[in-house]
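Here the structure is laid out as structure tokens; the discussion comes afterwards.
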Amino acid sequence: MRNPVPDLLDELRRECAGADGGEVLDTIPELADEDPDRFGIALCTIDGTVYGTGDADHRFTIQSISKPFAYALALADRGRDTVLEHVGVEPSGDAFNEISLEQNGRPRNPMINIGAITTHALIGDPRWTLEERDARVLAGLSAFAGRTLELDEAVFESERSEASRNLALAYLVHSQGKLDGEPHDAVDGYTRQCSLLVDVRDLAVMAMTLAAGGRNSVTGEQVVPTWVCTQVLSVMATCGMYDAAGDWMSTVGIPAKSGVSGGVLGSLPGQVGIGAFSPRLDEIGSSVRGVAAFERLSAELGLHLMHAPEVASHVLYGVVEPDADGDELREVQLQGTMHFAAVEVALRQLEALPDGEPLVLDLSRVASATAVGRSLLNEAVERMRADGREVRVTDPDGVLEG
Ligand code: GLN
């Protein structure tokens with residue numbers, strides 16, 4: 001069989017290629033030379049399969065898409081409390097380069113420049129030199145991508161020569177006592193971080209790593225702890241698309257981040273990582289074709305995070321009633337994933353069983369269980385036994401053992 005997914009992506013790309021509004025960014029001189037018609041899309045799945053279409057191998061600087069990954073490194077290195085002392089998690093509703101501070105002097109979130117520069121300075125150990133922090137950023141982002149990324153020196157120098165606004169933001173945070181280190185160092189490191197070269201395949205893998213709880217599905221490396229990904233994806237969902245974050249969440253429904261070179265990255269927890277690139281930007285600073293591609297992908301592949309899955313009501317595969325002469329046991333057969341809502345359905349079924357009758361709890365069709373699902377089911381088995389019921393559990397995959 002020829003896999004239909006590549007065809008589907010090709011078709012989607014063709015249909016979105018007509019979107020030719022917007023302008024290539026002209027504030028970073030080196031980026032202004034990019035061919036405006038370039039357009040690539042890539043998708044990475046949980047088992048590390050990467051599909052690409054169009055300019056999927058074309059490299060561009062990561063820019064603001066580095067922000068969620070730098071945030072992940074800062075969280076992993078310094079812990080949630082320290083990072084939250086310096087940078088908030090509230091959507092700003094402002095443009096990416098706005099002066100967006102809370103009353104206590106904290107930048108509003110790590111997805112806008114003022115918060116991202118502050119976040120960059122938190123990576124690693126506070127005693128580290130600029131070079132040591134740069135090395136950690138390069139190694140960290142490379143681990144997310146599953147290959148060693150390179151710096152675009154020309155873009156770096158070009159952006160560094162135009163950095164007065166970012167420097168102003170850094171000095172402001174410094175004056176509020178929220179910047180770890182010196183403003184020049186923070187902006188220098190942040191600009192380097194933005195100048196790393198990626199293609200949409202890298203973005204898809206990086207996004208999938210976040211979506212898979214920190215495990216890179218291509219290399220198998222656990223890059224950051226799972227709690228870090230929960231935090232990063234939450235902030236991407238509320239703040240990732242700048243002042244269009246609410247509109248994006250309601251139409252596309254995928255935690256995402258865009259960058260001024262034309263990249264867009266989307267990360268759907270547990271399912272898929274997506275990268276798109278096309279240099280023409282809308283007035284908010286996001287790729288016009290990239291946004292169009294995400295809108296289509298979300299609608300056609302059913303990727304909206306808030307679309308309610310029909311799982312819980314199907315938890316009961318069947319109930320075998322005991323024979324009248326009693327030679328067959330009552331059997332409750334569960335299926336699917338035992339998360340809280342699914343187990344709750346099963347618990348009520350177990351609660352309603354006639355007293356005393358022996359029971360077989362059949363979990364052979366259960367795919368997996370969350371921690372709470374496992375503990376509630378174990379608790380139910382214990383309680384039934386404490387009530388004097390004979391309970392046999394069929395659990396060939398050891399779902400209840402975790
Ligand atoms: N390096 C860019 C800047 O700091 C990143 C901005 C962006 O991609 N939105 O201005």
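Below, each value reflects all heavy atoms present in this structure, side chains not excepted, and no hydrogens, waters or symmetry copies. Residue numbers count from 1 along this sequence. Read the numbers this way: they start at 1 and go in the same order the structure lists the ligands and their atoms.
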List of N/O pairs, ligand 1 versus protein, all under 3.5 Å?
from, atom 1, to, atom 2, distance (Å)
ligand 1, 1 (N), Gln63, OE1, 2.6
ligand 1, 1 (N), Glu159, OE1, 3.4
ligand 1, 1 (N), Glu159, OE2, 2.3
ligand 1, 4 (O), Asn113, ND2, 3.0
ligand 1, 4 (O), Asn166, ND2, 2.9
ligand 1, 4 (O), Tyr190, OH, 2.8
ligand 1, 8 (O), Ser64, N, 3.0
ligand 1, 8 (O), Ser64, OG, 2.7
ligand 1, 8 (O), Val260, N, 2.8
ligand 1, 9 (N), Ser64, OG, 2.7
ligand 1, 9 (N), Tyr242, OH, 2.8
ligand 1, 10 (O), Asn113, ND2, 3.1

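Using modelled atom types, one side-chain atom of Asp47 and one backbone atom of Thr49 make a donor-acceptor pair closer than 3.5 Å.
Between Asp10 and Thr53, the side chains place a donor N or O and an acceptor N or O closer than 3.5 Å (distance only, hydrogens not considered). If you check the side chains of Tyr71 and His120, you find no donor sitting under 3.5 Å from an acceptor.
Atoms OG and CD, from Ser258 and Gln63 in turn, are 11.0 Å apart once rounded to the nearest 0.5 Å.
A tilted orientation is assigned to the rings of Phe277 and His58, their planes being inclined by 30° to 60°.
Checked against salt bridge (Lys or Arg N to Asp or Glu O under 4.0 Å), Arg392 has no partners two or more places apart in sequence or in another chain.
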